[in-house]
Amino acid sequence: MTEYILAKYNYWIYVVLMMIGLYAMMGKRNLVKKLIGMNIFQTSIILLFVSTGVKKGGATVPILMHAGHEHGAQLIQVSDYLNPLPHVLMLTAIVVSIATTGVALATLILIYKRYHTLEEDEILAIRRESRAYKTPRILNPTD
Amino acid sequence: MGEVIYSAKPLWAVLVSMGAAFLILLTGEKARNLRESWTILAALIKFGLVFSLIKPVLAGKTIEYTLITLLPGVALQFRVDAFGLLFGVVAATLWIPTSFYSIGYVRTLNEHGQSRYFFSFAMCLSAAIGVAFAGNLLTLLIFYEILTIATWPLVIHHEDTSAIAGGRKYLVYTLTAGCILLLAIGITYSLAGTLDFVGGGFLAGHGSPGLLILLLTLFIAGFGVKAGIMPFHEWLPSAMVAPTPVSALLHAVAVVKAGVFGCVRVILFVFGPELLQQLGVWTILAGVVAFTVVAAGLLALGQDHLKRRLAFSTINNLALIILGVSLLSKNAMTGGILHIANHAFMKITLFFCAGAIYAKTHKDHVSQLDGLGRQMPFTFAAFAIASMGLCGLPPVNGFISKWFLCLGAVETHQIVFLFVILTSAMLDVAFFFPIIYNGFFKKPLPDVAGKVDEAPLLMVLPLCFTALFSVVFGIFPNAFLNFFNIVRLAVTNVLGG
Amino acid sequence: MSDQLPALIIVAPLLGAFLTPIIGWWNRHLSHPWVLMVLTIPLYAAYSSLFKVIKNGPFGYNLGGWAPPWGIEYRIDYLSAMMLVLITTIGFLAAINAKSAGNTEFKGKEAQFYTLFLLQITGFLGIVITGDLFNVFVFLEISSLSGYGLIAHGEEGAPMATFNYIIIGTIGASFYLLGVGYLYMATGSLNIADLATLLPALYHSKMVLVGFAFFTTGVAIKMGLFPLHIWMPDAYTTAPNSVSTLIAPLMTKVAAYLLIRILFTLFKPDFALSVVPIATILGWLAVAAIVVGGVKALAQTDIKRMVTYIMVAEVGYIVMGISVMNRAGLTGAILHIINDACMLLCLFLVIGAISFKGHGREIYHFQNLNKKMPLTMAAFVIVALSMCGIPPACGFFSKWYLIMGTIVAKQWVFTATLLASSLINAVLFFRIIEKAYLAPPEDVAAGLDHTEAVIITRDKVPLTMIVPILISAAIILILGPLSGKIIETVIQHAVPAIF
Amino acid sequence: MIWQLDILLLIFIVVCAIAAINIKDLMGAVIILGAYSFFMCLLWTEMGAVDVAFTEASVGAGISTVLFIAAVNRTARRSKD
Amino acid sequence: MRNWFKLISMAAVIITGALLIYGTHDMPAWGDPDSPANSHVSPRYITEATKKTATPNIVSAVLADYRSYDTLGESAVIFTASISCFFLLRRIRNKEDHND
């Protein structure tokens, strides 16, 4: 049992992080808080990916030590180096997440300019009011 | 089924009025004479094309044209057999007088939206011919739906509250029917894997009896809406708000007949008499339509609005056609199918008369027609001839079809149905003869002119023409268009031998 | 040249996008012709790859020359070639349309607008063409990010709608990424074809099951499948017209494509048939989507919002076709992807033209519109008929296959839903057509003929708007009778053989 | 790879995450988010993903925090939840 | 209303989390060098990358060579985001200029 926990506890903590982030995205009213949650959510996924590349038992960072030597290539042991692929993917994912955050913040500023608040329920109230004002229903007896 | 000729004539027959429709739209309101010459030109060409198909079909050949594959095993296909040809000939022939009549009507009443009117009219005809020549259920459905949509602008033509309400009712009924048909055809395809019409049916041996009965119900409900079978008839009287030529051609010939045509196609060419005998549902079907026959006749008695009375008479006669077919005996079938053509000629005359009266005097209620026969003798004479035909009196063509229907009812040993047919003839007498009597013999209302003062020639000539032909076809059923032979051939195709 | 076609499809618009700001900075009036010019390349490449696929069967393209499981592969088979053609065609028409509307909606910022426009198309193309799960994610993000930017520039409520879209869309993309992660942990591969061979042995692994669940949820969010559609109506209603013309028809369709890929290529059909009850779940969600979409659409008076709810229902159609798990249903779903994209394109083009001429989008604003914009309204009628499933417009044929699918699967509730929905569509559209084509009954009653009642001037819709409208309306009419041909040459090969 | 350190970092991260979404002062929340990213970097370095850690340190902890601060500066600082 | 929504999102989050944890059950133990992720595709990167690309950092080698189109996509993402922000925020400045 202990072994099982030791083998899995990492994953569970990632899942907890994801849940925190997801909850903030869905349940929080403040838009900045939603974005913070989004960041947490995305980093936890990145963490999950990165951890798939981990190898126990002496593997080191995926930078070859004997590069340049002609015979160095033969000496490369797969178990000596961490799996590089998740790292590659996650470099992209980090950039994607920051890009999303950037666009989201830009819309956030637009929203603030328009409504002078960042609380979702207040904005919704304002919008409902303005929509009711902007589109008067013409009562048409034939409709 | 004899030799097959591959020819694009059916396609051209469909396309010619569609092309005319777009020319009409392009020409527009400014060049009225040019616009209307498109209609007449298309009508003549269409008639010529359809007429040229009669000879090969009577020689036992089938004309086929496949346009494009729609589903595996089902193409957009035209196949002209005797039964389809009958409907096609009726529609194409009657379009010619209706075209002239329409021109007279809309010009006399100075209607608005004439381009839209003629456009929709041409589209309707195109679709009707498509329905007639469709080689399989899917093609039939496609043109049937086009017909539905193309008729709508005609129904709402007046754009007043009752027209819009009538249009909505029409759409609700017919679009629902379209959905039901889609379902029915889908089930048919999944059962049989084909949709091509075969004389004598192709569904035998597929599916359980329960499913087949359900399928038949769906089909009859789907086509029955347009055919005005009770309880789906409600839209037809409401749709009488349309201009009279529309009521004349579409609600006596093209649209409602398309419904009847579909019913007959399904009964004879999808299910087939043998399968229906096995399922034993033909008595139920015949019972339902027999009820419609009598009920519609009774309801017609109570209508004071002339066109509504004619509408109920239409429902009555359409049900009579389906009754004839569902009796499944040779003579009844002959009578039923022949009645498609005969009823068309008679009913279009009646509607023409109603329109002529309205255009001249703005009267549209039965009670307002007293003494009008002296002012409009030709119109009323035509009306009298056509109503005699509908009552089944010789020498008008209605007599022949009713005669065969009675023979068929006797053949099946179901005296009930003979009784129904005779009752309906009595009812016809009851609701038509007072009109004629009042028109000719009652004291004229004060606003009736004492002298002969007919509607414009463009309206009177077509109605005289159709009335004349009703009599001609009564005396010589095989004159010109060979209706009787075509019907005989169609029945032979179904029953074999 | 012809060997490099797949790379060209992505690289050309991408490079074009990189260059657009420069061109726009030089002379902003050049950006529109430049975009059109750039888009002809993927358009040509997409059509020639489709013909190549039809002629020689599916082919792959190894980027950088690395063999598939190690490098990234672009895979063009029947389905993706068809989608490429769809995307490039619709993108091209939307780009033509963008000129007039875009120039007023984004005055002074045409260059950025067209850059994002190209990136959006690149994203869609990339999702469809790539054979690598992670690459799909990257392109998904490109298309989403450019979409966020474009939509947020819309009318009053747009930023808020976009923010919701960003949050929900990011959840969707992240779920997708989680799915990729779980599958990667289970197999060690990212290549779809490679995974498809590795996965069958692992179908009962919990990792794969969870990965699958997150995949489908993520894609369903992007697709706007009920109940995950909540972002969609707001976002597409408030988006600028020239933007919703591009995104609304394509985003849901590309996501639907992904769903088909996941269910039938990545996982084999028997996974969905025998391992997870995904078909049942999807089917009932589709029923709910159609019903809710239809009812909500009935409640709308703003036509653009109404169309977005119709989109919810249309997504339901596609998913229903997928969920019945038979040949007819899936054929219908794929056919409906094409048809619905064209119909929505035409609808949004029409709405764009109406708004461009300064008419409101409420239904009562449609009064007399047929006199003012006869061609536009004619196109609208064609789409309306297609939406109601009236032949020979294309909507009828996809509906036919969908109904066949439900009949074969003996799912009568599904059949009934489909039929009822086309009636709802008829109500939705005919009330607008009535408004547009008929004079108000009060006028008629008062004896005013509507030719006399109002002196109506025709609105001159610019050529760049009316031409795409007419082309798309023509496409709707042509696709219908051609559907048999399309199925024969393309779609039947895209349906898994076991159906 | 020392599991005690590992678990310590993870606990820090979770605490930072919870704090970041619960603090009512947005500026504080953003700065805590920066700290969260920083701990994340440490964790990744410890896992051997140096490239990812570098990127996260510069992009996640750096640019992202700056963007957040800039945005919060231009908008409201207080949050209701 | 609001609490009701919070409850729903909480439930959704818990379901998601439970699903994710359920998925971890079959995961290879943490840091297992023989897990599929570490043994299917990646060994070839480690052994061949230097030979093929002459870069000692395998991550860079994979990033820039094997999966170079991901990287191209990545730069496109940044480009998209920056253009988006520019596109969105510039209007405000214009408007302010106008208003002031």
Side-chain angles (χ1 to χ4, degrees), chain A residues 3-4 6-12 14-16 18-20 22-23 25-27 29 51-57 59 61-68 72-73 76-89 91-92 95-96 98-103 105-107 109-110 113 121, chain E residues 2 5-6 8-10 12-14 16-18 20-21 23-25 27-35 37-39 41-43 45-51 54-63 66-67 70-71 73-75 77-78 80-82 84-89 91-92 95:
Chain A
E3 216 166 89
Y4 183 76
L6 271 181
K8 298 286 166 69
Y9 75 93
N10 269 292
Y11 297 129
W12 295 346
Y14 309 157
V15 172
V16 169
M18 270 175 226
M19 286 163 70
I20 293 170
L22 200 58
Y23 175 71
M25 285 168 96
M26 291 167 67
R29 268 175 294 182
S51 67
T52 60
V54 172
K55 288 179 192 169
K56 278 186 173 163
V61 291
I63 298 172
L64 297 177
M65 284 182 271
H66 310 289
I76 294 169
Q77 282 291 318
V78 172
S79 59
D80 285 345
Y81 299 97
L82 296 172
N83 182 354
L85 187 57
H87 301 176
V88 175
L89 303 181
L91 285 179
T92 312
V95 168
V96 167
I98 180 73
T100 316
T101 312
V103 177
L105 286 172
T107 34
I109 290 171
L110 282 184
K113 290 277 169 194
D121 40 0
Chain E
R2 192 64 215 177
F5 185 75
K6 283 209 169 180
I8 286 189
S9 47
M10 194 54 126
V13 168
I14 287 172
T16 316
L20 284 167
I21 288 182
T24 61
H25 183 76
M27 272 188 190
W30 197 77
D32 178 9
D34 298 321
S35 67
N38 290 339
S39 55
V41 171
S42 74
Y45 292 132
I46 298 171
T47 52
E48 277 192 0
T50 334
K51 250 195 288 179
T55 321
N57 186 339
I58 308 172
V59 174
S60 312
V62 178
L63 193 69
Y66 287 95
R67 301 187 64 89
D70 269 355
T71 317
E74 182 188 324
S75 53
V77 166
I78 299 205
T80 313
S82 51
S84 285
C85 292
F86 194 46
F87 184 58
L88 291 177
L89 293 179
R91 178 171 63 169
I92 291 169
K95 252 198 185 155

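To find a chain, count down the sequence lines: A is the first, B the second, and so on, and within it residues start at 1. Remember, predicted model here, so these are calculated numbers, not experimental data. Below, each value reflects all heavy atoms present in this structure, side chains not excepted, and no hydrogens, waters or symmetry copies.
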Applying side-chain contact (heavy atoms from CB on, under 4.5 Å) to A:T100 and not counting sequence neighbours gives A:M38, A:Q42, A:V96, C:E141, C:L145, C:Y148, C:I166, C:T170
Looking at A:V15 and E:G17, what are the two nearest heavy atoms and their distance?
-> CG1-O, 3.6 Å
A:T92: what forms a side-chain hydrogen bond (donor to acceptor under 3.5 Å, both in side chains) with it, not counting sequence neighbours?
-> E:E74
Atom group of A:Y14 that falls short of 4.5 Å from chain E, counting heavy atoms | side chain
With chain E, which of A:N10, A:V103, A:I20 has the greatest number of heavy-atom pairs at distances under 4.5 Å?
-> A:N10
Top residue by heavy-atom pair count (under 4.5 Å) with chain E, among A:T52, A:T101, A:L105?
-> A:T52
Nearest heavy-atom pair of A:G27 and E:K6: which atoms, and what distance?
-> O-CE, 3.2 Å
Within-4.5 Å side-chain heavy-atom neighbours: A:L85 and E:R67 | yes
Part of A:I98 within contact of chain E (heavy atom distance under 4.5 Å) = neither
Would you indicate whether the side-chain heavy atoms of E:L20 and A:M19 approach each other to under 4.5 Å?
-> no
Should A:L22 and E:T16 count as side-chain neighbours, where that means a heavy-atom distance under 4.5 Å?
-> yes
Give the minimum heavy-atom separation between A:A106 and E:L89, together with the two atoms involved.
-> O-CD2, 3.7 Å
Region of E:T24 in contact with chain A, defined by heavy-atom distances below 4.5 Å = both
